[in-house]
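One structure is given below, encoded as structure tokens.
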Amino acid sequence: MAVREDRVEELARRRGFLWQAYEIYGGTAGFYDYGPLGARLKRQLEAEWRLFYSLEGFFEIESPTIAPAAVFRASGHLNCFSDLAVVCSRCDSFFRVDDEIVAGGKCPECGGELAGAGEFNLMFQTRIGVPKGKEGANRGEGYLRPETAQGMFVNFQRLLRFNRGKLPFGVIQLGKAYRNEISPRQSLIRLREFTMAEVEVFVDPDEKDSHPGFDTVRDRRIWLNPAEGEECETSVGDAVRSGIIANEYLGYHIAKVKEFLERIGIPSDRLRFRQHRKDEMAHYARDCWDAEFMSRRYGWMEIVGIADRGDYDLAAHATYSKVDMGVHTHTQTQTHSKMIPHVIEPSYGLDRIIYAIMESAFTEEQVGKETRKVLRLIPELAPVKAAVFPLLNREELKQKAKSVFQSLKQELVYVDYDDSGSIGRRYRRQDEIGTPYCVTIDYQTLEDDTVTIRDRDTMEQHRVRIDDLSAAILAGIRNLHV
RNA sequence: GCGGCAAUAGUCUAGUGGUAGGACACGGGCUUCCCAAGCCUGUAACCCGGGUUCAAAUCCCGGUUGCCGCACCA
């Protein structure tokens, strides 16, 4: 731990993954730009995520990022976000108003008097359209969404009909969400504008205990940190049977979250699932497990939350909108009365996951007297799939290399060409941004149309025919996302 | 939000009330049949605003941003 743990962030800045936003005006806390390589990495991560849940048979929708106040009045966010705040007149400590802490009361820190400090609003407010007339002040009140989930809930009826009235079904949405955090910090860990990838699984509450695919995850090992009881490594099946995890649906989706995180390169020994205590649960949740990543720099941090939202949101929207959110259940002999489905919600913070991926992938190793920095991204996420070099800075090699580059680009799209500096320097440049393969053109190429492919992780090379080159590279990439 | 510390090229840094130095990176050239080699050469910086001073990147004040602690994270 004595060594600096911020080198991956330095690399991300220097090589065009991640920059502080609005830097020329001094920067604005809580906002980041993804540079050219970061944007590619993120887009490919999004594609992997879509693919993963599409294979579950879930549908993707895309809702607006701005919603009228009514949506958040129903969802409870307006109340929970617009609490009054107080500040201690003696020690300047800042608190949210609750049963014990009120203006005029005593500061729990120092006993000083608390004074009102106005609204403490975690949602960004805006105005939709132009307010009209004297009564227009409250008209058009809108908010930037603090989660994508509400877009799925308000469309529940449409989605149910789309699925021909049957439960269960899953809906996914990927997009920006906004929270006006009091103190954003720690690079991508706490942002004011961030990308969420959310899954809402609608299920009959009577069927939460029997997920049709549960057998496929039953034996998966998982590291659990429950709200009560000991931290343990166990199987998903045992955790559900013993009641540590409340039902099969929750267990299944916890297992799926783990599967996805491992697939994109987060090592399982740096992942655990921690259950929320009652007092830290969101207002809508009846149970919640966080997938936490062990960061070398920041310690355990939440990267995915898997909540059982019960019928909270659909019931609330039914009440406020007066629209029926109930579903008939059927058996062979009769139709039962209506019930409101429950929702199991895995909610991914993609920016935090980008951080977790980069920190996990970043390694420094001694090669002779030099330190080799390598970003061991899985090939699906690497912003550059292959780089093409002429071994020497000679016209005949450069020409050949450029023609190989042009044709490889047709297949892989994200391909680099580099003829500057020594061959070793060029390999290192690519290692640093995680390029899995480097292709080198030498004099033998001019004779027999073969090239060398050098592997990022082993630094080993083998020779292939140019005709077989793209196939050889694609063999190492499961899904090519462009 | 509060408190402490900090801010110098793309990156990491040295530095003094009076001309801002290095390393790496990057560009150009030479060399080199495979892992940041070597040689020549070039570009490039004192966070923003105000004050003190003959003179401020340096001292003072405010802001912004970053790090750490507290609080917050529905």
Side-chain angles (χ1 to χ4, degrees), chain A residues 4-7 9-16 19-31 35 72 75-83 85-88 90-96 98 101 107-110 117-118 120-123 146-147 179-187 189-192 194 276 279-285 288 290 297-298 301-302 305 307 349 367-374 389-394 397 420-432 438-446 451-456 458-461 463:
Chain A
R4 303 167 52 128
E5 294 295 354
D6 58 355
R7 275 179 302 214
E9 289 172 40
E10 182 269 325
L11 184 152
R13 199 163 32 247
R14 183 164 47 79
R15 295 306 306 268
W19 299 318
Q20 172 153 43
Y22 312 114
E23 203 175 8
I24 66 166
Y25 290 106
T28 303
F31 297 93
F72 300 116
S75 71
H77 288 91
L78 208 45
N79 283 334
C80 294
F81 267 57
S82 302
D83 281 354
V86 289
V87 63
C88 174
R90 195 193 299 171
C91 70
D92 280 335
S93 292
F94 180 82
F95 303 97
R96 279 175 69 165
D98 63 19
I101 297 173
C107 171
E109 293 288 314
C110 73
F120 165 77
N121 198 333
L122 272 164
M123 282 196 294
E147 60 174 10
R179 297 180 190 181
N180 202 359
E181 296 284 356
I182 295 171
S183 70
R185 213 179 263 187
Q186 301 174 327
S187 71
I189 313 304
R190 208 190 303 182
L191 297 174
R192 287 184 165 132
F194 53 101
H276 282 203
D279 60 353
E280 65 176 319
M281 215 112 66
H283 64 277
Y284 51 69
C288 186
D290 284 346
R297 179 134 195 242
Y298 302 116
M301 61 191 226
E302 176 197 352
V367 177
K369 287 177 201 157
E370 303 294 337
T371 302
R372 185 171 88 112
K373 293 181 183 179
V374 194
F389 310 143
L391 180 59
L392 294 172
N393 193 10
R394 301 272 164 73
L397 292 177
S420 137
S422 72
I423 189 76
R425 177 182 299 272
R426 285 175 265 158
Y427 285 141
R428 294 294 198 269
R429 277 185 192 135
Q430 298 297 330
D431 288 342
E432 215 176 44
C438 291
V439 175
T440 300
I441 278 69
D442 55 20
Y443 279 113
Q444 190 181 331
T445 309
L446 302 182
V451 296
T452 60
I453 300 180
R454 176 262 198 187
D455 182 275
R456 175 193 72 197
T458 63
M459 294 167 65
E460 282 168 8
Q461 289 173 272
R463 192 165 273 275

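Labels below follow one simple rule: chain letters A, B, ... track the order of the sequence lines, proteins then strands, and each chain is numbered from 1.
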Q: Using the C1' atom as the reference point in each nucleotide, state the distance between B:C24 and B:A36 in Å, no decimals.
A: 10 Å

(Q) With rounding to the nearest 0.5 angstrom, report the OG1 to CD distance, A:T452 to A:E460. (A) 13.0 Å

Q. If the C1' atom of B:U13 is compared with that of B:A6, how far apart are they to the nearest Å?
A. 14 Å

Q: Pick out which of A:K373, A:R456, A:R372 makes a salt bridge (charged side-chain N to carboxylate O under 4.0 Å, His left out) with A:D431.
A: A:R372

Q. How is A:N393 classified with respect to the nucleic acid when contacts are heavy atoms under 4.0 Å: base, sugar-phosphate, or nothing?
A. base

(Q) It should be established whether A:R429 places a side-chain nitrogen or oxygen under 4.0 Å from OP1 or OP2 of nucleotide B:C26. (A) yes

(Q) Tell me if the side-chain of A:Y25 makes a donor-acceptor pair with the base of B:C48, cut-off 3.5 Å, by modelled atom types. (A) no

**Q.** Distance test, side-chain N/O of A:T28 to OP1/OP2 of B:U65, below 4.0 Å
**A.** no

(Q) Roughly how many Å apart are B:G42 and B:U32, using the P atom of each and rounding to a whole number? (A) 24 Å

Q.
Below 30° counts as parallel, above 60° as perpendicular, anything between as tilted: where do the rings of A:H77 and A:F72 land?
A. perpendicular

Q) Is the base of B:C72 touched by the side chain of A:R190 through a donor-acceptor pair closer than 3.5 angstrom? A) yes

Q. Taking only side-chain nitrogens and oxygens of A:R192, does any of them come within less than 4.0 Å of OP1 or OP2 of B:C73?
A. no

Q.
Taking only the C1' atom of each, what is the distance from B:G49 to B:A7 in whole angstrom?
A. 16 Å

**Q.** Side-chain N,O (A:Q20) to OP1/OP2 (B:U65) below 4.0 Å
**A.** no

Q) Does B:C72 have OP1 or OP2 sitting under 4.0 Å from an N or O in the side chain of A:R179? A) no

(Q) OP1 or OP2 of B:U32 versus the side-chain N and O atoms of A:R394: is any pair under 4.0 Å? (A) yes

Q: Look at all strands and tell whether A:E23 reaches a base, only sugar-phosphate, or nothing, counting heavy atoms closer than 4.0 Å.
A: nothing

Q. Distance from A:S187 atom OG to A:E9 atom CD, nearest 0.5 Å?
A. 4.0 Å

Q: Would you please confirm or rule out a distance under 4.0 Å between OP1 or OP2 of B:A37 and any side-chain N or O of A:R425?
A: yes

(Q) Can you check the distance between B:A23 and B:U52, where both ends of the measurement are the P atom (answer in whole Å)? (A) 40 Å

Q) Can a side chain N or O of A:S422 be found less than 4.0 Å away from OP1 or OP2 on B:A37? A) yes

Q) Is a salt bridge present between A:R14 and A:E432, judged by a nitrogen-to-oxygen distance below 4.0 Å? A) yes

Q | Nearest-angstrom distance, P atom, B:C73 to B:G10 | A | 39 Å

Q. If you measure from the C1' atom in B:C61 to the same atom in B:U53, how many Å do you get, rounded?
A. 16 Å

